[in-house]
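Report on the following structure.
Note that the structure is predicted; figures quoted are calculated from it, not measured. Below, chain A is the first sequence line, B the second, and so on; all start at residue 1.
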There are 2 protein chains.
Amino acid sequence: MSDATAGLTPEELGAYFALVEVANLLQYAVDGHLRAEGDLSYLQFQILATLNDAPGGRLRMTDLADGLVHSRSGLTYQAGLLDKRGLITRSPSPDDERSVMVTVTDAGRALVGRVLPGHVADVRRLLLDPLADGDLATLNDVLGRVRRHMRATPPRSARPRARRKS
Amino acid sequence: MSDATAGLTPEELGAYFALVEVANLLQYAVDGHLRAEGDLSYLQFQILATLNDAPGGRLRMTDLADGLVHSRSGLTYQAGLLDKRGLITRSPSPDDERSVMVTVTDAGRALVGRVLPGHVADVRRLLLDPLADGDLATLNDVLGRVRRHMRATPPRSARPRARRKS
DNA sequence: TATTGTTATACTCTATAACTATA
DNA sequence: TATAGTTATAGAGTATAACAATA
């Protein structure tokens, strides 16, 4: 993509670009499917699926935000949309009156179940099929390591707002 | 992220999620830096960098669009912003009067040169540093294969509009 | 005082379709 | 007729800051 070569070897550059492009193409395709099948953005699907896996299908807003969204108002906005469609409900937490518990409804679970087969098929077709034996384990190993590294070195803007002044 | 497990093994799921998350965290961090340093979105940087590498620093709109953008109006919009800032110029192509040639200006090249060191540093710190010996070659091999596969099976919506009726 | 979440507001970006001009 | 690009318009999403309520 440029003299981005400046300071990066062609091999480093290639890995960087390939990673970004593969992830983008994958998300674009999957997002299109989710919208067509369930009128869901990728983010909305992630929210529903995360809740779907959580014990009791419920999570605090703050816990739900982790990793999914960059600003809290963004989550409030998306939750509002899902709430309006009856896919989740929100209620004050019994423990901490400041918190809001988000819960997937039956309709929400049903919708996740409905889009999942196609979603999985997309992922398999685009990402998994071209992998050779052993590639999967390698990707898990390498990307897992990178992910742990990145989580340990979060970009300033992704830090919980609690940390802003501390 | 859910019963997305349905149809995917934990290993497949892990690779999928790790890929998406790593790419997202990387792009988010890099995008933040580009905005802070050069008031550029990642897409704008890609456009400038692509032109910067092209022979003569110039490309047709159509050729520039390839892979960078999903709709043509999107490129027109972004090019308009870059043009307004004096980072590129647009002029009708001599060969084909329908085409528009986009050219990086000196200011555009200077800006790319200015943000590049920090950009490269980000990529190195977040993605490259945690890699072990051989990981780079592996990533290039595997992701390169996936990329070729994806390009050969483009999502319907990313297809050139020329193909819509054919 | 710090934390949780919402709201108001403004802005960026994207997409669709209609349109112009050239091939 | 098909292609290249622009524009109008409208909608989706995001971020910042101000806010209310609870800890």
Side-chain angles (χ1 to χ4, degrees), chain A residues 24 27-28 31-32 34-36 39-47 59-66 68-85 88-102 155-166, chain B residues 24 27-28 31-32 34-36 39-47 59-66 68-85 88-102 155-166:
Chain A
N24 280 346
Q27 285 195 69
Y28 189 75
D31 188 272
L34 290 172
R35 284 179 198 280
D39 196 27
L40 289 173
S41 69
Y42 193 61
L43 177 56
Q44 289 167 351
F45 172 73
Q46 284 179 306
I47 292 173
L59 240 33
R60 294 193 320 148
M61 286 288 277
T62 293
D63 299 329
L64 188 53
D66 282 350
L68 291 185
V69 103
H70 297 304
S71 72
R72 284 158 185 280
S73 67
L75 179 56
T76 297
Y77 171 75
Q78 294 293 344
L81 294 180
L82 295 175
D83 195 339
K84 212 177 302 177
R85 290 175 60 187
I88 63 169
T89 59
R90 285 177 288 180
S91 53
S93 165
D95 331 345
D96 187 334
E97 289 278 325
R98 291 172 306 185
S99 297
V100 168
M101 297 297 297
V102 185
R156 333 103 211 71
S157 35
R159 282 179 191 152
R161 85 176 163 182
R163 296 292 145 64
R164 280 213 307 190
K165 301 221 58 176
S166 93
Chain B
N24 280 345
Q27 277 186 264
Y28 189 75
D31 188 90
L34 290 172
R35 283 179 199 281
D39 198 26
L40 290 173
S41 68
Y42 193 61
L43 176 56
Q44 288 168 350
F45 172 73
Q46 283 179 307
I47 292 174
L59 241 32
R60 293 193 320 148
M61 285 289 276
T62 293
D63 299 328
L64 188 53
D66 281 352
L68 290 185
V69 104
H70 297 304
S71 72
R72 283 157 186 281
S73 66
L75 179 57
T76 297
Y77 171 75
Q78 294 293 342
L81 293 180
L82 295 174
D83 195 340
K84 210 178 304 177
R85 291 175 60 186
I88 64 168
T89 58
R90 285 177 289 179
S91 53
S93 166
D95 330 344
D96 187 335
E97 289 279 324
R98 292 171 306 182
S99 296
V100 169
M101 296 297 297
V102 184
R156 332 106 210 73
S157 34
R159 283 180 189 150
R161 83 174 165 185
R163 297 290 147 64
R164 280 212 307 187
K165 300 219 59 174
S166 92

Measure all distances between protein nitrogen or oxygen atoms and nitrogen or oxygen atoms of nucleotides 7-14 of chain C, and list the pairs falling under 3.5 Å.
unit_1, atom_1, unit_2, atom_2, d
dT14(C), OP2, Gln78(B), NE2, 3.4

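Distance CG (Asp31(A)) to P (dA15(C)): 10 Å, rounded to an integer number of Å. A straight line from CG of Asp95(B) to C1' of dA21(C) spans 17 Å, rounded to a whole angstrom. In this structure, the CG atom of Asp63(B) is 15 Å from the P atom of dT3(D), given to the nearest Å. Atom CD1 of Ile47(A) is separated from atom P of dG13(D) by 10 Å (rounded to the nearest Å). Remark: C1' of dA23(D) and CD of Glu97(A) are 11 Å apart, rounded to the nearest angstrom. Whole-Å rounding puts the Met101(B) CE to dT22(C) P distance at 18 Å. In this entry the distance linking CG of Leu34(A) with P of dG13(D) reads 12 Å, nearest Å. Put simply, CE on Met61(B) is 16 Å from C1' on dT22(C), counting in whole angstrom units.
Partners of Arg85(A) by side-chain contact (heavy atoms from CB on, under 4.5 Å), not counting sequence neighbours, listed by chain and number: Asp39(A), Leu40(A), Gln44(A), Leu87(A), Leu111(A). Among residues two or more places apart in sequence or in another chain, the side-chain contact (heavy atoms from CB on, under 4.5 Å) test is passed with Arg35(A) by Asp31(A), Ser41(A).
Looking at which nucleotide of DNA chain D each of Arg98(A) and Arg60(B) is closest to, the 5′-most match is held by Arg60(B).
Taking each heavy atom of Gly80(A) and Arg90(A) in turn, the nearest pair found is CA-NH2, 3.5 Å.
Side-chain N/O atoms of Tyr28(B) include one lying less than 4.0 angstrom from OP1 or OP2 on dA15(D).
The side chain to side chain contact (heavy atoms under 4.5 Å, CB included) with Leu75(A) is formed by just one residue from the set Ile47(A), Val102(A), Leu68(A); it is Ile47(A).
In this structure, CG on Leu59(A) lies 5.5 Å from CG on Leu64(A), to the nearest 0.5 angstrom.
For the pair Gln78(A) and Leu43(A), the minimum side-chain heavy-atom distance is below 4.5 Å.
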